[in-house]
Structures are given as structure tokens and as C-alpha cells.
Number of protein chains: 2
Amino acid sequence: MDVERILRARGRRITPQRRLILSIIQEHEGHLSADEIYHLAREKRPRLSLSTVYRTLDILRESGLISELHLDRDLLRYEIQRDEEHQHLVCLGCGRVIEFKCAHCTRMHQDLALQYGFKITGSRVELLGYCAECQQKQAE
Amino acid sequence: MDVERILRARGRRITPQRRLILSIIQEHEGHLSADEIYHLAREKRPRLSLSTVYRTLDILRESGLISELHLDRDLLRYEIQRDEEHQHLVCLGCGRVIEFKCAHCTRMHQDLALQYGFKITGSRVELLGYCAECQQKQAE
DNA sequence: TTATATGCAAACAATTTGCATCCTG
DNA sequence: CAGGATGCAAATTGTTTGCATATAA
């Protein structure tokens, strides 16, 4: 499959651990922390070590297969790198994360290329606020 | 001054340490890590402890006087909270950070309020890429 | 004069590294 | 079978906490 080609092209080997970790990130559609991935993976492969998780996440990130999110203050979360760029909307009340696509961001990239000669290779757009429900709860 | 009113309103005291730390963030116009602030502050006040720096940063953040940036993978940076919202453009080559204001982002907030009923209270917009100079160096 | 802040040291949590062993290519 | 990958334990790094002492209000 494609993933294997990408890893091999970088001189990396395909191991059951790497397959497993990637499949977990895929199934859970992202937003998992390293530790969560570790625990989920150990259900299937109890000898897996946390360092392997970290090393694998590094490799997958370098290879552009996953991307890192700073949704929390103190740890990183991971999701599959998709083709279409998207942004995250985080509710500070209940913690839910909504993903959205935003045409404005595309225009922003174009503007910056024009204005500063910057070549944008990645972006973190994380908006924080309160969802409709949490706003209502606060009002009560 | 205003800062003191804000802190007092929250039952916080004004101490030389807090003044110093805030003034350092002001002078350096942000993008400083806790450790950098610590070292700069110790030049003026050698007995200052790192924990005081962290505690002060917490308080200043809670009070809305400074804000946190995730410009790096592994640590937080701080800057004075200004009225006008702005975004950060980070060069992965040389590390320089350009601040910019973006009308598109304002529109994005409006869209999200409309579409999801979300009330946006803060945002992290960090764009990563390569500045003109670093692109040129890479080309060579 | 009393609650809040500080400094110091020790504790923590997330991540990284060293190294012997294992296993993919 | 050789070099990359793993598991384990130990080290590192950024940040937080406990506690006795100092200090702002």
C-alpha cells in the first residue's frame, strides 16, 4: 500500500508495531495523545513500549503521514494527515473538537505568499471558545 | 497603572518579581520562553526562582495580561496580550516569527459563530513555512 | 498582622536516549 | 547477516508542588 512505499522511500522498515500504531490513529480519526495510542496499542500487543510509540510517531510525522495538534496545553495529539487542509475548533467547556474547512485560510496563505514571500508548508489553526450547549449551561 | 488594578481586582499582590517579569515580556515584545524570561530576570534579580516565573506567568495569563504561544513543539512562549488580535508566521528555516493581522480570520470567526453557534474566545493561528531568504538558501 | 508570595528542593509528567537484543529487508 | 527497530530502564526537560520564610496590604 501507499504507506509502505512512503516509509520505504525514506529507508524505514515496515514493522508490526508501526502498522498497529498507524491503524489506531486511523480508526480513531485522530485527536489521540501518545499515551492514549500506547494504551490502545497494548490491548493488541502487550509488550509494546511507550518509546516505540514515540519513535513511531516521530517517523510518521517526518514522513508526512500524520500531523501533530496542540489542542491541549501540555501534550500533543496526533491525527492522520489528510489531503484537504482543515482547522480545529475546541470547546473550552466540554472539550469537544469540531473540524472545519475554511476558505478564508486558503486566501490567507495566498496573501502571505504575496506579502512576505513566505512559502507556507503547514498551519495550525485552533480556535477556542464555547459551543452552543456550553454557552447555555453557563447562562443558567 | 492599569496592570496593578487588574491584578488587585483578582486579589493578587503587586511584587517586584511580578513587575520585573511583566516588564521583560513587554520589552522583548514577546516570544520568550519561561526559561528565557527566567535568565533575563535573574540578571536584575539573582535570587529569583524559576517557580516564581512559572507562577507569575500563570497569574498573568489568568488575568489576561499575557498570552501563550505554541510556536515550538516542546515549550510555551509568552507575549503581552494586545487588543488587536494577530497571528504568527514561523519560519522553519531560521526560526524568525512574523506577526500579522488578517481580516480573513475575523470573517472565519463570524462564519463559525453562524454555522456552529460557537462563541470564539481565543485563537491560535500559527502558520509554518519558509521565508524568502531561507527558500533561496535551500535552492542553492 | 495575616494572607499571599517567594525561594528552594523535591516531585511530576511528557518525552528522549543508551544499550543489548531482535527482526526486516 | 547487517543495519535499522524494539523493549526496557534510566536520563532529560519543562513544569508543578510542599513547605518554611519573607513581604505586601
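Lettering follows sequence order; numbering is per chain, from 1.
No salt bridge links Arg13(B) with Glu4(B); every basic N to acidic carboxylate O contact stays at or beyond 4.0 Å. Note on Asp2(A) versus Arg5(A): salt bridge recorded, some NZ/NE/NH1/NH2 to OD/OE distance being below 4.0 Å. Salt bridge status for Lys101(A) with Glu85(A): absent, with no side-chain N to carboxylate O gap under 4.0 Å.
Taking atom CZ of Arg13(B) as the reference point, atom C1' of dT23(D) lies 8 Å away to the nearest angstrom. At whole-Å resolution of the value, NE2 in His70(A) and C1' in dA14(C) are 12 Å apart. As a whole-Å value, the separation of Arg18(A) CZ from dC23(C) P is 15 Å. Here dA5(C) presents its P atom at 15 Å from CG of Leu57(B), a figure rounded to the nearest Å. Atoms CG (Leu75(B)) and P (dT16(C)) sit 12 Å apart, rounded to a whole Å. With rounding to whole Å, Arg5(A) atom CZ is found 15 Å from dG25(C) atom P. Atom-to-atom, CD of Glu62(B) to P of dA5(C) comes out at 10 Å; the value is rounded to the nearest Å. Atoms CG (Asp58(B)) and P (dA5(C)) sit 12 Å apart, rounded to a whole Å.
For Arg8(B), no side-chain nitrogen or oxygen approaches OP1 or OP2 of dA24(D) to under 4.0 Å. An OP1 or OP2 oxygen of dT16(D) is reached within less than 4.0 angstrom by no side-chain nitrogen or oxygen of Tyr54(B). The phosphate of dT23(D) (OP1 or OP2) has no side-chain N or O of Thr15(B) nearer than 4.0 angstrom. At the phosphate of dG7(D), OP1 or OP2 sits under 4.0 Å from a side-chain N or O atom of Gln17(A).
No donor-acceptor pair under 3.5 Å is formed between the side chain of Gln115(A) and the backbone N or O of Leu112(A).
Using a 4.0 Å heavy-atom cutoff across all strands shown, Arg55(A) reaches at least one base atom of the nucleic acid.
Counting only heavy atoms from C-beta on, Ser51(A) has its side chain closest to dA9(D) among dA9(D), dG7(C), dA2(D).
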Take Arg107(A) and His104(A), measure what side-chain hydrogen bond (donor to acceptor under 3.5 Å, both in side chains) needs, and give me the verdict at the end.
CA-CA 5 Å; Arg107(A) 276 179 229 126; His104(A) 299 308; 3.1 Å; yes

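Looking at residues 33-50 of chain A, you'll see Ala34(A), Leu50(A) sit with a heavy atom under 4.0 Å from some atom of DNA chain C.
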